[in-house]
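Note that these values count all heavy atoms, side chains included, but never hydrogens, waters or copies made by symmetry. Numbers for residues simply follow the sequence, beginning at 1.
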Amino acid sequence: MLYGYKFDGRFSPEEGHYFDYSRILLDPYAKAVISRGDYGVLEPGGDCWSQMAGMIPISDDEFDWEGDLPLNYPQKDLIIYEMHVRGFTRHDSSQTDSPGTYRGAANKLDHLEELGVNCIELMPCQEFNELEYFSFNSILGENKSNFWGYSTVNYFSPMIRYSSAGMNNCGLDAINEFKTLVKEAHKRGIEVLLDVVFNHTAEGNENGPILSFRGIDNSTYYMLAPKGGFYNYSGCGNTFNCNHPAVRQFIIDCLRYWVTEMHVDGFRFDLASIMTRSSSLWDPVNVYGHPIESDSFTTGTPLGSPPLIDMMSNDPILSKVKLIAEAWDAGGLYQVGKFPHWSIWSEWNGQYRDTVRQFIKGTNGFSGAFAQCLCGSPNLYQEGGRKPWNSINFVCAHDGFTLADLVTYNNKYNLSNGEDNRDGENHNLSWNCGEEGEFASITVRRLRKRQMRNFFLCLMVSQGVPMIYMGDEYGHTKGGNNNTYCHDNYLNYFRWDRKEESSSDFYRFCRLMTKFRQECESLGLEDFPTAERLQWHGRHPGMPDWSETSRFVAFSMTDAVKGEIYVAFNTSHLPVTITLPNRPGYRWEPLVDTGKPTPYDFLSDDLPDRDTAVKQYAHFLNSDLYPMLSYSSIILVLHPADA
């Protein structure tokens, strides 16, 4: 049995009302949405927006969690992996029996465990319509789709067409398949975060479909102008009226459901700054508790203590899970380092991404800012009472270049999106290492591999929480396309065959670096490092160079497990021989050098000729010296001197 609602009332868009008794509307609280069962397949007649209905909840639908409990990792210990459920296993090389589904993803979780990931951030898994952008793409000869899913139809229902079960059992099987993915992740010690989109819905502007919220009470659920127009702080046609009392209670109910019923461990909020904006003043008594004489708050004004964020931060359930803000929106509000946080919110640190990209590619003037990034961005978070783990550090994410493309392309190549290359970010802070595109000389290809290792090493030695984008661990390329939102194809599919090819090369390096981070007590600190354990160096010990032209940053850190580590970055086009801190009775031993070819880029204990490789640098190390190539980084570990 399925159900929907009909709402009677005035159809008066200029007054903000879209009531239409002839329409059957989807319940915002529906636990499963039934419409089409097969991903990407049109209904007979070519309708992209087929009628939707909700599943009647069943009283005896108990799921066997097998005693599953929250992992409750301290956030400082996380290594996050941004993952797309369909893209993770849709490629034939995944060799799963249910590619592109929750079940398929659960079958391949061993890869993430091997990589050293202990938290996955799932790109949108709440019900959306992948046919929303359906149109023929003449460049690729296939239809465009809403692949990423940042256009929610229903917030309680898992995406039905990500399930191998489809609409079986009125959607209950799909719910249980998502729960199985969470349960299997927890068994492997991996937390699950959801990327949620409470900034807008799939109903768009006044020309969009009437599916649910708009037909139920448009003036409550959306930010509206006095004549019924839609504020567009999301850049997607409408803006969810998050701080309206009814809407914020809806959001709280939804998030609690995903924690208590689906066992997720937290959330990343897309364009979270919208959740800090004041609501529409359609009903001042309802919003403020009394009439107001003047328009004291313009709709959308940023609030210092937004009611929704306040409720979430003090909720007995939600305050105990991970809460991560993308602290900006499409309306120009940028709150990185300033998002209202109640000491528990973390942020995608976009400044970390930009600074690290600039310094690693050798841009002058960023050595000091780069050092701040290595310390967990105290310039952004310390004054407000937050900690390094409030910074989610990333170099690449779904939106923008992949890591391989970051070192391969100076320009974006988005023609295949069908928008004449107008879409996507123009300022990518990328560097192609001397030649544009994949087909380059061997010298350039070697430099690109070195730069990829430099970026990944930087991510793993920085204080804060590192986030890896799916596929970067083997060097996935999207051919220079930095906005692949509409591609249900190889551009967005994880290539398991490429991962196997990279198993002894870059993937090996990534796997060993994540393990090293987890082994070091000093690389996931609860608080910002101080001079008691951290020393900055230049080409000579204790003499850091913070000048405008400096392209060398090094530090040593005492570590309760490793004793002491020394990390250096040379982003100059020139090689350099550095002097290491003298430690009487001890010697520095090389562990990582991105300037060396694999497998000598990481001298793991199981490397057959490891001792020989170490001895090759003994004459330098005996004199507290070490030679570094241009655009390279190193990690040395202190050991007791040989007797």
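Within 6.0 Å of NZ in Lys187 there are more than 12 heavy atoms belonging to other residues, nucleotides or ligands. Other residues, nucleotides and ligands contribute only 12 or fewer heavy atoms inside 6.0 Å of the NE2 atom of His427. Atom NE2 of His639 sits in a crowded spot, with more than 12 heavy atoms from other residues, nucleotides or ligands closer than 6.0 Å. Other residues, nucleotides and ligands place no more than 12 heavy atoms under 6.0 Å from the NZ atom of Lys515. Around the OH atom of Tyr586, the shell of radius 6.0 Å holds no more than 12 heavy atoms that belong to other residues, nucleotides or ligands.
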* To do: Decide yes or no on side chain to side chain donor-acceptor pair (under 3.5 Å) for Asn349 and Ser377, but give the supporting numbers first.
  => CA-CA 9 Å; Asn349 190 345; Ser377 301; 2.9 Å; yes
* To do: Kindly indicate, with the supporting measurements, whether the criterion ring pair (Phe, Tyr, Trp, His ring centres under 6.0 Å) is fulfilled by Tyr474 and His476.
  => CA-CA 6 Å; Tyr474 68 81; His476 182 77; 5.8 Å; yes
* **Residues Tyr469, His84; criterion ring pair (Phe, Tyr, Trp, His ring centres under 6.0 Å); working and verdict** => CA-CA 10 Å; Tyr469 175 52; His84 189 283; 9.7 Å; no
* Asked: Please walk me through it: do Val264 and Leu193 pass side chain to side chain contact (heavy atoms under 4.5 Å, CB included)?
  -> CA-CA 6 Å; Val264 303; Leu193 309 182; over 6 Å; no
* Steps toward side chain to side chain donor-acceptor pair (under 3.5 Å) verdict (Asp423, Tyr485) -> CA-CA 10 Å; Asp423 63 306; Tyr485 71 97; 5.2 Å; no
* Asked: How far apart are the C-alpha atoms of Trp496 and His91, what are their side-chain angles, what is the distance that settles it, and do they pass the ring pair (Phe, Tyr, Trp, His ring centres under 6.0 Å) test?
  -> CA-CA 8 Å; Trp496 294 91; His91 195 266; 9.9 Å; no
* **side chain to side chain contact (heavy atoms under 4.5 Å, CB included) assessment of Asp609 paired with Leu607** => CA-CA 6 Å; Asp609 49 357; Leu607 195 64; 3.9 Å; yes
* **Residue pair Leu629, Asn570: steps toward the side chain to side chain contact (heavy atoms under 4.5 Å, CB included) verdict** => CA-CA 8 Å; Leu629 279 184; Asn570 176 31; over 6 Å; no
* **Step-by-step side chain to side chain donor-acceptor pair (under 3.5 Å) determination, Asp270 to Asn199** => CA-CA 7 Å; Asp270 184 63; Asn199 57 76; 3.0 Å; yes
* Asked: Which is it for Glu438 and Arg445 under the salt bridge (Lys or Arg N to Asp or Glu O under 4.0 Å) test, yes or no, and what are the steps along the way?
  -> CA-CA 8 Å; Glu438 288 191 59; Arg445 293 204 302 272; over 6 Å; no
* **From CA spacing to verdict: side chain to side chain donor-acceptor pair (under 3.5 Å), Thr402, Lys478** => CA-CA 7 Å; Thr402 66; Lys478 296 181 180 180; over 6 Å; no
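Taken from OG1 in Thr89 to CE in Met83, the straight-line distance is 8.0 Å, to the nearest 0.5 Å. Taking CD of Glu121 as the reference point, atom CG of Asp265 lies at 12.5 Å (rounded to 0.5 Å). For the atom pair CG (Leu115) and CG (Leu109), the distance works out to 12.0 Å, reported to the nearest 0.5 Å. Annotation: the span from Asp77 atom CG to Glu526 atom CD amounts to 9.0 Å, rounded to 0.5 Å. In this structure, His537 NE2 and Thr579 OG1 are separated by 11.5 Å, a value rounded to the nearest 0.5 Å. Distance check: Lys338 NZ to Ser273 OG gives 9.5 Å after rounding to the nearest 0.5 Å.
Residues Phe552 and Trp546 place their aromatic rings such that the two centres sit no closer than 6.0 Å. Annotation: His487 is not in aromatic contact with Tyr493 [ring centroid separation under 6.0 Å not met]. Centroid-to-centroid, the aromatic rings of Trp345 and Phe269 come within less than 6.0 Å. Two rings, from Tyr566 and Tyr626, have their centers 6.0 Å or more apart. Ring to ring, Tyr631 and Trp431 are close: their centroids are under 6.0 angstrom apart. Between Phe359 and Phe366, the distance separating the two ring centers is not shorter than 6.0 angstrom. If you look at Phe494 and His111, their ring centroids are closer than 6.0 Å.
We find that Glu589 and Arg610 are joined by a salt bridge, their nearest charged nitrogen and carboxylate oxygen being less than 4.0 Å apart. Between Asp624 and Arg583 no salt bridge is recorded (no basic side-chain N to carboxylate O distance below 4.0 Å). Using a cutoff of 4.0 Å between basic side-chain nitrogens and carboxylate oxygens, Glu564 and Arg533 are not scored as salt-bridged. Between Asp545 and Arg539, no side-chain nitrogen of the basic residue sits less than 4.0 Å from a carboxylate oxygen of the acidic one, so the salt-bridge criterion is not met. The pair Arg453-Asp505 counts as a salt bridge, with a side-chain nitrogen and a carboxylate oxygen less than 4.0 angstrom apart. Salt bridge Asp527/Lys387: present, at least one basic N to carboxylate O contact under 4.0 Å. A salt bridge between Lys562 and Glu519 is present, with a side-chain N of the basic residue lying under 4.0 Å from a carboxylate O of the acidic one.
When all heavy atoms of Val407 and Met452 are compared, the closest pair comes out as CG2-CG, 3.8 Å. Counting all heavy atoms, side chain and backbone alike, Ser93 lies closest to Arg495 at OG-C, 3.9 Å. In plain terms, the two heavy atoms of Leu603 and Pro590 that are nearest each other are CD1-O, 3.6 Å. Of all the heavy atoms in Glu113 and Arg188, the pair that sits closest is OE1-CG, 3.6 Å. The two residues Trp389 and Leu525 make their nearest non-hydrogen contact at CD1-O, 4.5 Å. Closest approach of Phe602 and Arg508 over heavy atoms only: O-NH2, 2.8 Å.
The shortest side-chain heavy-atom distance between Met123 and Val85 does not fall under the 4.5 Å cut-off. In this structure, the side chains of Phe569 and Val567 come closer than 4.5 Å at one or more pairs of heavy atoms. Ile79 has its side chain within reach of Gln518: a pair of non-hydrogen atoms, C-beta onward, lies under 4.5 Å apart.
Just one of Thr571, Asp593, Asn454 meets the side chain to side chain donor-acceptor pair (under 3.5 Å) condition when paired with Ser633; it is Asn454.
With 3.5 Å as the limit, one finds no donor-acceptor pair spanning the side chains of Asn428 and Tyr409. A side-chain N or O of Asn482 and one of Asn414 form a donor-acceptor pair less than 3.5 Å apart.
By the 30° and 60° cut-offs, the orientation of the rings of Phe509 relative to Phe506 is parallel.
Annotation: cation-pi pair Arg353/Phe394 absent, no NZ/CZ under 6.0 Å from the ring centroid and within 45° of its normal. A cation-pi geometry, defined here as NZ or CZ lying under 6.0 Å from the six-membered ring centre and within 45° of its normal, holds between Lys499 and Tyr507. Taking the ring axis of Trp348 as reference, the NZ or CZ atom of Arg268 stays within 45° of it and closer than 6.0 Å to the ring centre.
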